[in-house]
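Report on the structure given below.
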Protein chains: 2
Amino acid sequence: MTSKHATVRDLRRTNRATVLSRLYFDGPLSRFELSGITGLSAATVSNVTAELVRERLVVEAGQVESDGGRPRVLLRVDPGYAMVAGVDIGETGVKAELFDLAMNRLAAVDLPLPSKRGNSKQAEPAAVVAQAAAGLREVLAGVDEDKVLGVGVGVPGTVEQEPVRVHAQTIGWHDVPLADLLCEAGVSVPVFVENGAKTQGQAEMWFGAGRGARHAVILLIGSGVGASVITDGTIYRGSASSAGEWGHTIIQYGGRRCRCGASGCLEAYVGGEAIVERYRAVRRGKAVAGADEQANLATLLVAAEKSKTAARVLDEAADHLGAGIANLVNLFNPERIVLGGWAGLAIGARLLPRITEAVRTQALRRPFEQLTIELGKLGPDAVAVGAATLPVAALLDQRGTR
Amino acid sequence: MTSKHATVRDLRRTNRATVLSRLYFDGPLSRFELSGITGLSAATVSNVTAELVRERLVVEAGQVESDGGRPRVLLRVDPGYAMVAGVDIGETGVKAELFDLAMNRLAAVDLPLPSKRGNSKQAEPAAVVAQAAAGLREVLAGVDEDKVLGVGVGVPGTVEQEPVRVHAQTIGWHDVPLADLLCEAGVSVPVFVENGAKTQGQAEMWFGAGRGARHAVILLIGSGVGASVITDGTIYRGSASSAGEWGHTIIQYGGRRCRCGASGCLEAYVGGEAIVERYRAVRRGKAVAGADEQANLATLLVAAEKSKTAARVLDEAADHLGAGIANLVNLFNPERIVLGGWAGLAIGARLLPRITEAVRTQALRRPFEQLTIELGKLGPDAVAVGAATLPVAALLDQRGTR
DNA sequence: CGCCTAAATTCAAGATGTGAACGAAAGGGC
DNA sequence: GCCCTTTCGTTCACATCTTGAATTTAGGCG
C-alpha cells in the first residue's frame, strides 16, 4: 500500500536500516562519522548503535585518535554474526559457496549437471534442484543452521517473486517454483531466488566495479547475454521482475535468428556461443571442434593475433556489442557500465578500447561523455557472490521490520 | 543527503503529501475513505485535512449519505487555489496554455517560430525564448501573478537540472540555460523545464492512457522520436536526466543514417519526418511536395488505402516500430505502453494491430503477455498539459517542505 | 422526540528525534 | 603530577508525531 512511513515507529526502522547499511558498506565508522553521514543527530546514532551492539550485530573495532580529544571508537558489522550461502545455477553446472557476513568465502563446491545434449532440454529442473541441494549440503556440513541467514540462488532466466516462479525460455523452464522445490529437497534455511545477471550485478555494485555509482548497468556476457540495470542504487525489476533482458533486444532488424525465436537479437551477435559459432561458420568447420565454449573462445582470442579471419570475427562482435551498449546508454543514461561474464571478461580484456570507441560513435554525445566503461572486478564467481548477498540485503533493510 | 526521513517532523510532511496527492488524483474523497487508502488513522487524517482546509488548498465538496449514519463529507483540492502555465516548445512553433489546478484549460495561444530553413540551425534559443515569453504574457494577461504556481516548459531535447541546461543535438542547442533566459525575458513566476517527451508522459500518466499503471513507457512519435519511461510511478531520468532517448537506439546496425550522426537509429525508420521522406524516396519525387509534415503523413495514410507502395512504406514503419517497442518491453518489462505524438497517433489509429503483432513476434513471450499497448488519450496537446503539471508536482510533494 | 448508525473530532498515551547539558577519554603544557 | 583543552559519546527534558479509545456530531427512522 502506501509502503512509505506513516507511524513514528517506522521512522526508527528506517534509521536503524540506514545506520546498519552505512556500517556494512562503508566499513568501520565511529559514531561521530555516522552522525555526519546519515544526517542523524549524535543522540540518535548513540541510541541506534547501542541497540545494534546489544543485539550483537555490530561490534567495536578499535579506536582512532583524533588530534587531541577523546579517541573515536570504530564500529562495524560483525562478520561472524551470521553466514550466507550463494548458489550459481549455470547452463552446464552448479556452484555453491558459503560466506560470512563480510563475504569472505568459507567454503565452495562445483557440481556438474548431467549434460543431455541429445535431449532437447538441457537441464531438467529436478536434476538441477538435486545438484543444488547436494552442493548446499556440502558447504553447510557441520554448520549450525541457526547461524545461516539464508541461501540465495542465481538462475539463468527471469524470476517472478511472490511466489517465486522461474521462467527461462532458452533452457525450457516455465513456471518453475524453484524455492519450493529446494525446500522439498531438504533445504531448511530461507531461500531467495533471483536472475543470475541481477545477482552478478548486485555483487559488482556492492564489492566490485560498480561501487559508488548510483546509476549503472552491469553486463553479463556468457553463453547468453543478460544485464542488470541499477537505477538510483537499486536493481530495476519492472512490473514482473523480467526487466533487463538486454540480450534479446534487436540491434539488427531482420538479422540472424536467435534461440529465443526472434531475429537480430544482440545475443545472436555477441554471446559467447554465438561468437564461437560464427567463427566456426566463417572457417567452414576447419576449426574449433571442442565442446567447451570457454576454451573455444580462448582459442579464438589467441588465433586473432595472427589470423585476420579470427580478428574480423572478434572485431565484428565488439562493434555490435558497442551498438548494444550505446542503446543502454541512450535509454538509461548510466554513469558506469561494467562488462562481466566469462565471455565479456575475455573479450573485454583485449577489445575494451574498440568496444568503447564503438559506443562513442553510436551513442548520443552527451550521455557518452558522462559514462565510464569498465571490466568487472569479481570474475566469474560474481553470480554466486551476488546470490549470497540476497539474504544480506534482506537483513539490511528488514532489520527492525521483522 | 540521506534524503529520506529522519526527524519526526518529516513524517508529518510525508503524510501531508500523501493525503494531498490522494485527494488530487483520486478526486473527491471523504476523510473516512482517505484513512483507508493512505493507511493512516482517522485521527491523523482529520488532523492533516484540517490543516489543508485551513490553508484553503482543500475544500469541501458535497456529502454522500452512508446508509443510516452521519453522511461523509467529501473533500477535494480546490481547482481555484492556484493556476499553472504550460509551454510546449516544438521544432516549428511554441504553444502556451494556462490551467487551473484541476487542469481545466483557461487560455491557450499558438505562436510560430521563424523558420530559417536556409540556415542549418532551425531555431535560435533567443528567438524561441522571445516567443515563449510572448505567449506567456498573452495567456497570463490580467491574471494575478501570486495566483500562478509556476510555468512548466517542455523542450525537444534533454534537460539537466540544477542548474537547468538544455541540450538538443538535433536542433543545435548546447548548454542552453533556458530557465534563466526566460527570467531575463520577463517571466516572473517560477520556471520548470523538462524534456517534452517526459512532460507528455507525465500528462498521460496523470490524466490519460497511463492512469493506474506503475510501470509504463509513453512514446512520443512526432517528427523525431522520444519516450518517457515510468518506473514504479516516477519518471526515470538516469544520472543526468537524459535517460529515455529511445529514438536514437539502434535497431538496424549499419542502417540508415540518422540526423544524430549514428546509423540505424529507430528515429530514422519510424519518425514522422523519416516516414514521409521514405515515401518521397520510394516514389522518386512523384509525390508530397508540401512543407507540412503532418499534412504529408495524413496524405500518405489516405494513399495507403489504394496504393501498394504507400501501404508498404507504412507497414515497414510499423514493423520497425514493433522492434523498437519490443526492445522496450524486454528491457523495462512495463505493464503498459502508450503511443503518442502526432505521428504516433496518426499511424497508430490505423496500424495499432500490426504494430502489436510485430511486438509479439519480436519480444520475449512472458513480458509481452503482461503488456497492453494503447493510444494516447490526450492528443497532441499532451506536451503542454504535462509541462503545466510540473509546478503541480512540485506543490504535491513539497507541501510542508517549504 | 428519542434511538440508532456511522463519520469526524478530541484526548491521553506511547514512541521518537533533537539540542543542550553533562560525562568521558585522551594529549599537552607547566 | 595536575590542570586545561579538545573531541567524542551519553543523558535528559522537551517538542512533535501517530494512534486507539472515548466522545461528539449529523443525519435517518420509528
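Small disclaimer: the values here were computed from a predicted structure and weren't measured. For the numbers below, each heavy atom of this structure counts, side chains included, while hydrogens, waters and symmetry mates do not. Proteins come first, then strands; the chains are lettered A, B, ... in the order of their sequence lines, and each starts at number 1.
Taking 4.0 angstrom as the limit, B:Asn15 places none of its side-chain polar atoms (N or O) nearer than this to OP1 or OP2 of D:dC17. Distances shown here put a side-chain N or O of A:Arg12 below 4.0 Å from the OP1 or OP2 atom of C:dG17. In this model, the phosphate group of C:dT16 is not approached by any side-chain N or O of A:Asn47 to a distance below 4.0 Å at OP1 or OP2. A sub-4.0 Å separation between OP1 or OP2 of C:dT18 and a side-chain N or O of A:Ser41 is present. Residue A:Gln63 has no polar side-chain atom (N or O) positioned under 4.0 Å from OP1 or OP2 of C:dA25.
Per the geometry, CG belonging to A:Leu74 stands 12 Å off P belonging to D:dC8, to the nearest Å. Straight-line distance from the CG atom of A:Asp10 to the C1' atom of D:dT19: 12 Å, rounded to whole Å. For A:Arg72 and C:dA25, the CZ to C1' distance is 14 Å, given to the nearest whole Å. The interatomic distance linking A:Arg31 (CZ) with C:dT18 (C1') rounds to 18 Å, in whole Å. In this structure, A:Leu11 atom CG and D:dC17 atom P are separated by 12 Å, rounded to whole Å. If you measure from atom CZ of A:Arg9 to atom C1' of D:dG20, you get 14 Å, rounded to the nearest angstrom. When the C1' atom of D:dT10 is taken as reference, atom CG of A:Leu34 falls 15 Å away, rounded to whole Å. C:dT9 atom C1' lies 14 Å from atom CG of B:Leu75, rounded to whole Å.
Minimum atom distance to the side chain of A:Ser30 is reached by D:dG9, of the listed D:dT18, C:dG17, D:dG9. Among C:dA26, D:dC8, D:dA26, the nucleotide with an atom closest to any side-chain atom of A:Phe32 is D:dC8. Nearest nucleotide to the side chain of B:Ser46, out of C:dA8, D:dT18, C:dT18: C:dA8. Among the nucleotides D:dT10, D:dT11, C:dG17, the one closest to the side chain of A:Ala42 is D:dT10.
Put simply, the side chain of B:Arg70 and the base of D:dT25 share a donor and an acceptor less than 3.5 Å apart.
Using a cutoff of 4.0 Å between basic side-chain nitrogens and carboxylate oxygens, A:Asp10 and A:Arg13 are scored as salt-bridged. Under 4.0 Å is where a charged nitrogen must lie from a carboxylate oxygen, and between A:Arg214 and A:Glu335 no such pair does. Classification of A:Arg237 and A:Glu194 as a salt-bridged pair holds, one side-chain N sitting under 4.0 Å from a carboxylate O.
Residue-to-nucleotide proximity on DNA chain D shows that, of A:Gly69 and A:Val45, the 5′-proximal contact is made by A:Gly69.
Among the atoms of the strands shown, none is found under 4.0 Å from any heavy atom of B:Glu33. In this structure, A:Val73 reaches the sugar-phosphate backbone alone: every heavy-atom distance under 4.0 Å involves primed, P, OP1 or OP2 atoms, never a base.
Taking the six-membered ring wherever Trp is involved, the centroid distance between the rings of B:Phe332 and A:Phe332 falls below 6.0 Å.
No side-chain donor from either of A:Gln161 and A:Ser241 sits under 3.5 Å from a side-chain acceptor of the other. For the 3.5 Å distance criterion, the side chains of A:Ser30 and A:Glu33 qualify, holding a donor opposite an acceptor.
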